[in-house]
There are 2 protein chains.
Amino acid sequence: MGSNSRLAVAVHTAGILALRGRQPVTSDMVATSVGTNPVVVRRIIGCLVKSGIAEVRKGSGGGAFLTRPANAITIADIYAALGEDELFQVPSLGKEHECPIGRAVRPILHQLFSGAEEAMIGYLAGINLEDLIKMLGEDIPDGICGEISDD
Amino acid sequence: MGSNSRLAVAVHTAGILALRGRQPVTSDMVATSVGTNPVVVRRIIGCLVKSGIAEVRKGSGGGAFLTRPANAITIADIYAALGEDELFQVPSLGKEHECPIGRAVRPILHQLFSGAEEAMIGYLAGINLEDLIKMLGEDIPDGICGEISDD
DNA sequence: CATTGTGTAACTAAAGTGGTTACACACTTC
DNA sequence: GAAGTGTGTAACCACTTTAGTTACACAATG
(Lines give C-alpha, C1' and ligand atoms only; values in the text may rest on other atoms or scores of the structure.)
Protein backbone atom coordinates (compact mmCIF):
# COMPACT_ATOMS: atom_id res chain seq x y z
CA MET A 1 0.00 0.00 0.00
CA GLY A 2 2.60 2.47 1.03
CA SER A 3 -0.12 4.28 2.90
CA ASN A 4 -0.15 3.84 6.60
CA SER A 5 -3.25 2.32 7.96
CA ARG A 6 -1.16 0.83 10.72
CA LEU A 7 -1.88 3.69 13.08
CA ALA A 8 -5.59 3.35 12.39
CA VAL A 9 -5.47 -0.32 13.26
CA ALA A 10 -3.37 0.36 16.33
CA VAL A 11 -5.64 3.06 17.70
CA HIS A 12 -8.71 1.03 16.93
CA THR A 13 -7.17 -1.93 18.71
CA ALA A 14 -6.12 0.07 21.72
CA GLY A 15 -9.56 1.58 21.87
CA ILE A 16 -11.15 -1.81 22.09
CA LEU A 17 -8.72 -2.88 24.78
CA ALA A 18 -9.56 0.28 26.69
CA LEU A 19 -13.27 -0.43 26.43
CA ARG A 20 -12.81 -3.92 27.74
CA GLY A 21 -10.68 -2.92 30.68
CA ARG A 22 -8.94 -5.90 32.17
CA GLN A 23 -10.89 -8.39 30.12
CA PRO A 24 -8.39 -9.97 27.74
CA VAL A 25 -9.32 -9.55 24.10
CA THR A 26 -8.22 -12.03 21.48
CA SER A 27 -6.68 -10.98 18.21
CA ASP A 28 -9.57 -12.68 16.48
CA MET A 29 -12.08 -10.40 18.14
CA VAL A 30 -10.11 -7.29 17.32
CA ALA A 31 -9.57 -8.46 13.77
CA THR A 32 -13.28 -8.90 13.28
CA SER A 33 -13.96 -5.42 14.56
CA VAL A 34 -11.22 -3.83 12.51
CA GLY A 35 -12.05 -5.88 9.46
CA THR A 36 -8.70 -7.47 8.92
CA ASN A 37 -6.70 -10.57 9.66
CA PRO A 38 -5.81 -11.76 13.16
CA VAL A 39 -2.15 -11.88 12.23
CA VAL A 40 -2.17 -8.23 11.25
CA VAL A 41 -3.63 -7.42 14.63
CA ARG A 42 -1.10 -9.53 16.43
CA ARG A 43 1.70 -7.70 14.70
CA ILE A 44 0.29 -4.43 15.94
CA ILE A 45 -0.36 -5.73 19.42
CA GLY A 46 3.20 -6.96 19.48
CA CYS A 47 4.30 -3.35 19.08
CA LEU A 48 2.03 -2.26 21.90
CA VAL A 49 3.43 -4.95 24.15
CA LYS A 50 7.00 -4.09 23.28
CA SER A 51 6.48 -0.52 24.41
CA GLY A 52 4.71 -1.52 27.59
CA ILE A 53 1.26 -0.28 26.69
CA ALA A 54 -0.36 -3.68 26.56
CA GLU A 55 0.18 -7.10 27.92
CA VAL A 56 -0.73 -10.47 26.53
CA ARG A 57 -1.88 -13.60 28.26
CA LYS A 58 -1.61 -16.78 26.29
CA GLY A 59 -3.77 -19.84 26.39
CA SER A 60 -7.41 -20.34 26.97
CA GLY A 61 -9.22 -17.25 28.12
CA GLY A 62 -6.19 -15.24 27.17
CA GLY A 63 -5.74 -12.22 25.00
CA ALA A 64 -4.42 -8.69 25.22
CA PHE A 65 -5.22 -5.97 27.72
CA LEU A 66 -3.84 -2.58 28.64
CA THR A 67 -1.31 -2.18 31.40
CA ARG A 68 -2.35 1.36 32.24
CA PRO A 69 -5.64 3.18 32.64
CA ALA A 70 -7.01 4.61 29.42
CA ASN A 71 -6.33 8.19 30.40
CA ALA A 72 -2.65 7.39 30.85
CA ILE A 73 -2.18 6.28 27.24
CA THR A 74 -2.00 8.95 24.57
CA ILE A 75 -2.27 8.48 20.85
CA ALA A 76 1.32 9.64 20.66
CA ASP A 77 2.27 6.67 22.81
CA ILE A 78 0.59 4.40 20.32
CA TYR A 79 2.24 6.16 17.41
CA ALA A 80 5.62 5.79 19.04
CA ALA A 81 4.94 2.13 19.75
CA LEU A 82 4.67 1.41 16.06
CA GLY A 83 8.24 2.56 15.56
CA GLU A 84 7.56 4.16 12.22
CA ASP A 85 10.22 5.78 10.13
CA GLU A 86 10.44 9.52 9.99
CA LEU A 87 7.52 11.07 8.20
CA PHE A 88 9.74 12.66 5.58
CA GLN A 89 13.05 11.31 4.47
CA VAL A 90 16.06 13.30 3.42
CA PRO A 91 17.77 11.24 0.76
CA SER A 92 21.43 10.59 1.37
CA LEU A 93 23.77 11.66 -1.36
CA GLY A 94 27.01 10.34 -2.64
CA LYS A 95 29.89 11.74 -0.67
CA GLU A 96 31.99 13.40 -3.33
CA HIS A 97 30.37 15.11 -6.24
CA GLU A 98 28.08 17.07 -4.10
CA CYS A 99 26.89 20.58 -4.63
CA PRO A 100 27.76 22.87 -1.73
CA ILE A 101 24.16 23.95 -1.57
CA GLY A 102 23.07 20.35 -1.49
CA ARG A 103 25.37 19.74 1.42
CA ALA A 104 24.19 22.78 3.31
CA VAL A 105 20.52 22.08 2.74
CA ARG A 106 20.34 18.60 4.14
CA PRO A 107 20.80 19.36 7.84
CA ILE A 108 18.27 22.15 7.47
CA LEU A 109 15.79 19.74 5.99
CA HIS A 110 16.35 17.33 8.82
CA GLN A 111 15.68 20.04 11.32
CA LEU A 112 12.64 21.19 9.43
CA PHE A 113 11.11 17.76 9.12
CA SER A 114 11.75 16.73 12.66
CA GLY A 115 10.08 19.94 13.76
CA ALA A 116 7.07 19.07 11.67
CA GLU A 117 6.92 15.59 13.08
CA GLU A 118 7.22 16.93 16.59
CA ALA A 119 4.29 19.22 15.95
CA MET A 120 2.21 16.30 14.82
CA ILE A 121 3.25 14.14 17.75
CA GLY A 122 2.49 17.01 20.06
CA TYR A 123 -1.06 17.00 18.81
CA LEU A 124 -1.38 13.27 19.26
CA ALA A 125 0.04 13.57 22.75
CA GLY A 126 -2.86 15.78 23.68
CA ILE A 127 -5.40 13.03 23.19
CA ASN A 128 -5.60 9.89 25.23
CA LEU A 129 -7.66 6.76 24.97
CA GLU A 130 -10.20 7.99 27.47
CA ASP A 131 -10.81 11.05 25.32
CA LEU A 132 -11.17 8.77 22.35
CA ILE A 133 -13.76 6.67 24.10
CA LYS A 134 -15.65 9.76 25.14
CA MET A 135 -15.65 10.88 21.54
CA LEU A 136 -17.24 7.62 20.58
CA GLY A 137 -20.17 8.93 22.53
CA GLU A 138 -23.23 7.14 23.66
CA ASP A 139 -23.54 4.80 20.76
CA ILE A 140 -20.93 2.46 22.11
CA PRO A 141 -22.54 -0.90 22.10
CA ASP A 142 -21.85 -3.32 24.85
CA GLY A 143 -20.27 -5.96 22.70
CA ILE A 144 -17.61 -6.22 20.09
CA CYS A 145 -19.27 -7.46 16.95
CA GLY A 146 -21.98 -8.97 19.11
CA GLU A 147 -19.76 -11.84 20.03
CA ILE A 148 -19.19 -11.05 23.62
CA SER A 149 -20.92 -8.80 26.07
CA ASP A 150 -19.25 -9.32 29.38
CA ASP A 151 -18.61 -12.04 31.86
CA MET B 1 10.88 3.19 -1.19
CA GLY B 2 7.58 3.94 0.35
CA SER B 3 9.26 6.70 2.26
CA ASN B 4 8.68 10.21 1.09
CA SER B 5 11.74 11.99 -0.04
CA ARG B 6 9.56 13.97 -2.39
CA LEU B 7 9.15 16.81 0.06
CA ALA B 8 12.88 16.95 0.56
CA VAL B 9 13.45 17.22 -3.17
CA ALA B 10 10.70 19.81 -3.51
CA VAL B 11 12.00 22.02 -0.72
CA HIS B 12 15.55 21.69 -1.94
CA THR B 13 14.42 22.63 -5.42
CA ALA B 14 12.38 25.57 -4.27
CA GLY B 15 15.29 26.72 -2.17
CA ILE B 16 17.55 26.80 -5.19
CA LEU B 17 14.97 28.69 -7.19
CA ALA B 18 14.69 31.16 -4.36
CA LEU B 19 18.43 31.64 -4.26
CA ARG B 20 18.56 32.30 -7.96
CA GLY B 21 15.75 34.80 -8.00
CA ARG B 22 14.45 35.39 -11.48
CA GLN B 23 17.28 33.51 -13.10
CA PRO B 24 15.72 30.41 -14.64
CA VAL B 25 17.20 27.18 -13.35
CA THR B 26 17.22 24.05 -15.46
CA SER B 27 16.12 20.71 -14.16
CA ASP B 28 19.60 19.46 -14.88
CA MET B 29 21.16 21.95 -12.51
CA VAL B 30 18.72 21.17 -9.77
CA ALA B 31 19.13 17.46 -10.31
CA THR B 32 22.88 17.76 -9.91
CA SER B 33 22.50 19.66 -6.67
CA VAL B 34 19.89 17.29 -5.29
CA GLY B 35 21.73 14.24 -6.51
CA THR B 36 19.00 12.72 -8.57
CA ASN B 37 17.66 12.54 -12.09
CA PRO B 38 16.41 15.55 -14.08
CA VAL B 39 13.13 13.81 -14.73
CA VAL B 40 12.49 13.38 -11.04
CA VAL B 41 13.07 17.09 -10.61
CA ARG B 42 10.79 17.95 -13.50
CA ARG B 43 8.02 15.92 -11.94
CA ILE B 44 8.39 17.90 -8.74
CA ILE B 45 8.66 21.21 -10.53
CA GLY B 46 5.52 20.28 -12.41
CA CYS B 47 3.70 20.17 -9.08
CA LEU B 48 5.08 23.56 -8.12
CA VAL B 49 3.95 25.02 -11.42
CA LYS B 50 0.51 23.49 -11.09
CA SER B 51 -0.01 25.20 -7.78
CA GLY B 52 1.30 28.52 -9.01
CA ILE B 53 4.48 28.62 -6.99
CA ALA B 54 6.82 28.36 -9.93
CA GLU B 55 6.83 29.05 -13.60
CA VAL B 56 8.75 27.44 -16.40
CA ARG B 57 10.22 28.89 -19.54
CA LYS B 58 11.08 26.46 -22.27
CA GLY B 59 13.81 26.60 -24.80
CA SER B 60 17.32 27.86 -24.68
CA GLY B 61 18.11 29.86 -21.61
CA GLY B 62 14.93 28.57 -20.05
CA GLY B 63 14.22 26.84 -16.80
CA ALA B 64 12.11 27.27 -13.71
CA PHE B 65 11.78 30.25 -11.41
CA LEU B 66 9.53 31.31 -8.58
CA THR B 67 6.49 33.44 -9.21
CA ARG B 68 6.50 35.02 -5.77
CA PRO B 69 9.15 36.40 -3.46
CA ALA B 70 10.73 33.82 -1.19
CA ASN B 71 9.08 35.15 1.94
CA ALA B 72 5.67 34.61 0.36
CA ILE B 73 6.14 30.88 -0.09
CA THR B 74 5.88 28.67 2.95
CA ILE B 75 6.95 25.07 3.25
CA ALA B 76 3.29 24.26 3.72
CA ASP B 77 2.65 25.68 0.25
CA ILE B 78 5.24 23.32 -1.13
CA TYR B 79 3.82 20.41 0.79
CA ALA B 80 0.37 21.17 -0.51
CA ALA B 81 1.72 21.46 -4.05
CA LEU B 82 2.85 17.86 -3.96
CA GLY B 83 -0.72 16.73 -3.46
CA GLU B 84 0.19 13.90 -1.15
CA ASP B 85 -2.32 11.53 0.31
CA GLU B 86 -3.36 11.90 3.88
CA LEU B 87 -0.59 11.04 6.30
CA PHE B 88 -2.58 8.27 7.91
CA GLN B 89 -5.22 6.26 6.19
CA VAL B 90 -8.34 4.84 7.73
CA PRO B 91 -8.97 1.58 5.93
CA SER B 92 -12.43 1.24 4.50
CA LEU B 93 -14.36 -1.78 5.62
CA GLY B 94 -16.87 -3.95 3.96
CA LYS B 95 -20.36 -2.56 4.36
CA GLU B 96 -22.19 -5.33 6.09
CA HIS B 97 -20.48 -7.49 8.61
CA GLU B 98 -19.17 -4.61 10.53
CA CYS B 99 -18.73 -4.32 14.23
CA PRO B 100 -20.66 -1.41 15.74
CA ILE B 101 -17.49 -0.24 17.41
CA GLY B 102 -15.66 -0.45 14.13
CA ARG B 103 -18.30 1.73 12.54
CA ALA B 104 -18.21 4.26 15.36
CA VAL B 105 -14.44 4.45 15.48
CA ARG B 106 -13.76 5.32 11.88
CA PRO B 107 -15.08 8.88 11.84
CA ILE B 108 -13.23 9.52 15.09
CA LEU B 109 -10.03 8.31 13.50
CA HIS B 110 -10.56 10.56 10.54
CA GLN B 111 -11.01 13.51 12.82
CA LEU B 112 -8.00 12.56 14.86
CA PHE B 113 -5.71 12.09 11.89
CA SER B 114 -6.75 15.22 10.09
CA GLY B 115 -6.10 17.12 13.31
CA ALA B 116 -2.63 15.66 13.44
CA GLU B 117 -1.97 16.55 9.84
CA GLU B 118 -3.23 20.07 10.41
CA ALA B 119 -0.82 20.43 13.27
CA MET B 120 2.05 19.39 11.08
CA ILE B 121 0.98 21.67 8.25
CA GLY B 122 0.61 24.50 10.71
CA TYR B 123 4.23 24.07 11.62
CA LEU B 124 5.32 24.04 8.01
CA ALA B 125 3.22 27.12 7.35
CA GLY B 126 5.31 29.00 9.87
CA ILE B 127 8.46 28.69 7.80
CA ASN B 128 8.99 30.27 4.42
CA LEU B 129 11.73 30.02 1.85
CA GLU B 130 13.40 33.16 3.05
CA ASP B 131 13.68 31.68 6.53
CA LEU B 132 15.12 28.57 4.97
CA ILE B 133 17.75 30.53 3.11
CA LYS B 134 18.64 32.40 6.25
CA MET B 135 19.06 29.09 8.02
CA LEU B 136 21.54 28.08 5.39
CA GLY B 137 23.66 30.81 6.84
CA GLU B 138 26.74 32.34 5.44
CA ASP B 139 28.11 29.26 3.82
CA ILE B 140 25.91 29.63 0.82
CA PRO B 141 28.25 29.47 -2.10
CA ASP B 142 27.65 31.61 -5.12
CA GLY B 143 27.11 28.78 -7.54
CA ILE B 144 25.11 25.67 -7.80
CA CYS B 145 27.55 22.82 -8.01
CA GLY B 146 30.10 25.21 -9.37
CA GLU B 147 28.45 25.15 -12.73
CA ILE B 148 27.12 28.60 -12.82
CA SER B 149 27.80 31.66 -10.79
CA ASP B 150 25.67 34.33 -12.29
CA ASP B 151 25.20 36.09 -15.56
C1' DC C 1 16.82 26.38 -38.56
C1' DA C 2 19.61 24.50 -34.89
C1' DT C 3 19.94 24.24 -30.12
C1' DT C 4 18.14 23.92 -25.69
C1' DG C 5 15.09 22.44 -22.25
C1' DT C 6 10.64 20.85 -20.88
C1' DG C 7 6.74 17.39 -20.65
C1' DT C 8 5.58 12.86 -20.67
C1' DA C 9 5.31 8.05 -21.51
C1' DA C 10 7.17 3.58 -20.57
C1' DC C 11 9.77 0.53 -18.20
C1' DT C 12 12.67 -1.44 -14.30
C1' DA C 13 13.86 -2.01 -9.59
C1' DA C 14 13.25 -1.70 -4.75
C1' DA C 15 10.63 -1.29 -0.63
C1' DG C 16 6.61 -1.27 2.45
C1' DT C 17 1.97 -3.16 3.61
C1' DG C 18 -1.72 -6.06 3.98
C1' DG C 19 -3.47 -10.53 3.59
C1' DT C 20 -3.08 -15.34 4.26
C1' DT C 21 -1.56 -19.98 5.68
C1' DA C 22 0.93 -22.80 8.64
C1' DC C 23 2.96 -24.33 12.69
C1' DA C 24 5.50 -24.40 17.07
C1' DC C 25 4.99 -22.97 21.71
C1' DA C 26 2.94 -21.30 25.96
C1' DC C 27 -0.66 -21.22 29.16
C1' DT C 28 -5.16 -22.34 31.12
C1' DT C 29 -8.43 -25.50 32.44
C1' DC C 30 -10.14 -29.80 33.48
C1' DG D 1 -0.86 -34.63 32.46
C1' DA D 2 -3.89 -34.05 28.43
C1' DA D 3 -6.73 -31.19 25.64
C1' DG D 4 -7.87 -26.96 24.05
C1' DT D 5 -7.00 -22.19 23.20
C1' DG D 6 -4.46 -18.26 21.66
C1' DT D 7 -0.17 -16.13 20.68
C1' DG D 8 4.33 -15.45 18.06
C1' DT D 9 6.44 -15.83 13.90
C1' DA D 10 7.94 -17.30 9.54
C1' DA D 11 6.99 -17.56 4.74
C1' DC D 12 4.83 -16.23 0.80
C1' DC D 13 1.88 -13.48 -2.50
C1' DA D 14 -0.23 -9.34 -4.34
C1' DC D 15 -0.45 -4.64 -4.65
C1' DT D 16 1.09 0.11 -4.46
C1' DT D 17 4.36 3.81 -4.41
C1' DT D 18 8.61 5.86 -5.47
C1' DA D 19 13.03 6.56 -7.67
C1' DG D 20 15.65 6.01 -11.50
C1' DT D 21 16.31 5.79 -16.35
C1' DT D 22 15.71 6.08 -21.43
C1' DA D 23 13.47 7.98 -25.17
C1' DC D 24 11.15 11.21 -27.83
C1' DA D 25 7.94 14.84 -29.28
C1' DC D 26 7.20 19.66 -28.70
C1' DA D 27 8.03 24.45 -27.61
C1' DA D 28 10.84 28.48 -27.46
C1' DT D 29 15.04 30.90 -27.86
C1' DG D 30 18.57 32.97 -30.61
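Throughout, protein chains are lettered first and strands after them, A, B, ... in sequence-line order, and every chain is numbered starting at 1. Everything quoted here is computed from the prediction, not taken from an experiment.
Between the CD1 atom of B/Ile44 and the P atom of D/dA19 there is a distance of 6 Å, rounded to whole Å. In this entry the distance linking CZ of B/Arg6 with C1' of D/dT17 reads 10 Å, nearest Å. Note: CG (B/Asp28) to P (C/dG7) measures 13 Å, nearest angstrom. Put simply, CG on B/Leu48 is 13 Å from P on C/dT6, counting in whole angstrom units. Taking atom NZ on A/Lys50 and atom P on D/dG8, their separation rounds to 10 Å, with Å as the unit. Remark: P of D/dC15 and CD of B/Gln89 are 18 Å apart, rounded to the nearest angstrom. As rounded to whole Å, 9 Å separates atom C1' of D/dT7 from atom CD1 of A/Ile45. Atom CG in B/Leu7 sits roughly 14 Å away from atom C1' in D/dT18 (whole-Å rounding).
Defined by atom type and a distance below 3.5 Å, a donor-acceptor pair is missing between the side-chain atoms of A/Asn4 and B/Gln89.
Taking only side-chain nitrogens and oxygens, B/Ser27 comes nearer than 4.0 Å to OP1 or OP2 of C/dT6. In terms of phosphate contacts, A/Asn4 brings a side-chain nitrogen or oxygen within less than 4.0 Å of OP1 or OP2 of C/dT17. Distances shown here put every side-chain N or O of A/Ser5 at or beyond 4.0 Å from the OP1 or OP2 atom of C/dT17.
Taking the six-membered ring where tryptophan is involved, the planes of A/Phe113 and A/Phe88 are tilted, since the angle between them lies from 30° to 60°.
In this structure, the helix from C/dC1-D/dG30 to C/dC30-D/dG1 shows an angle of 30° between the axis at its start and the axis at its end, each fitted on 5 base pairs and rounded to 10°.
In this structure, CG in A/Leu112 is found 14.0 Å from CZ in A/Arg106, a value given to the nearest 0.5 Å. Note: B/Glu84 CD to B/Arg6 CZ = 5.0 Å, rounded to the nearest 0.5 Å. Rounded to the nearest 0.5 Å, atoms CG (B/Leu129) and OG1 (B/Thr74) are 8.0 Å apart.
Looking only at side-chain heavy atoms (C-beta outward), B/Ile45 and B/Val41 come within less than 4.5 Å of each other. B/Val25 is not listed as a side-chain neighbour of B/Phe65, based on a closest heavy-atom distance of 4.5 Å or more. Looking at A/Leu17 and A/Leu66, their side chains come closer than 4.5 Å, going by heavy atoms from C-beta outward.
A/Val11 pairs with exactly one of A/Ile127, A/Ile75, A/Leu124 by the side-chain contact (heavy atoms from CB on, under 4.5 Å) rule, that one being A/Ile75.
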List every contact pair, protein side and nucleotides 19-28 of chain C side both N or O, where the distance is under 3.5 Å.
from, atom 1, to, atom 2, distance (Å)
C/dG19, OP2, A/Thr36, OG1, 2.3
C/dG19, N7, A/Arg43, NH2, 3.0
C/dT20, OP2, A/Asn37, ND2, 3.4

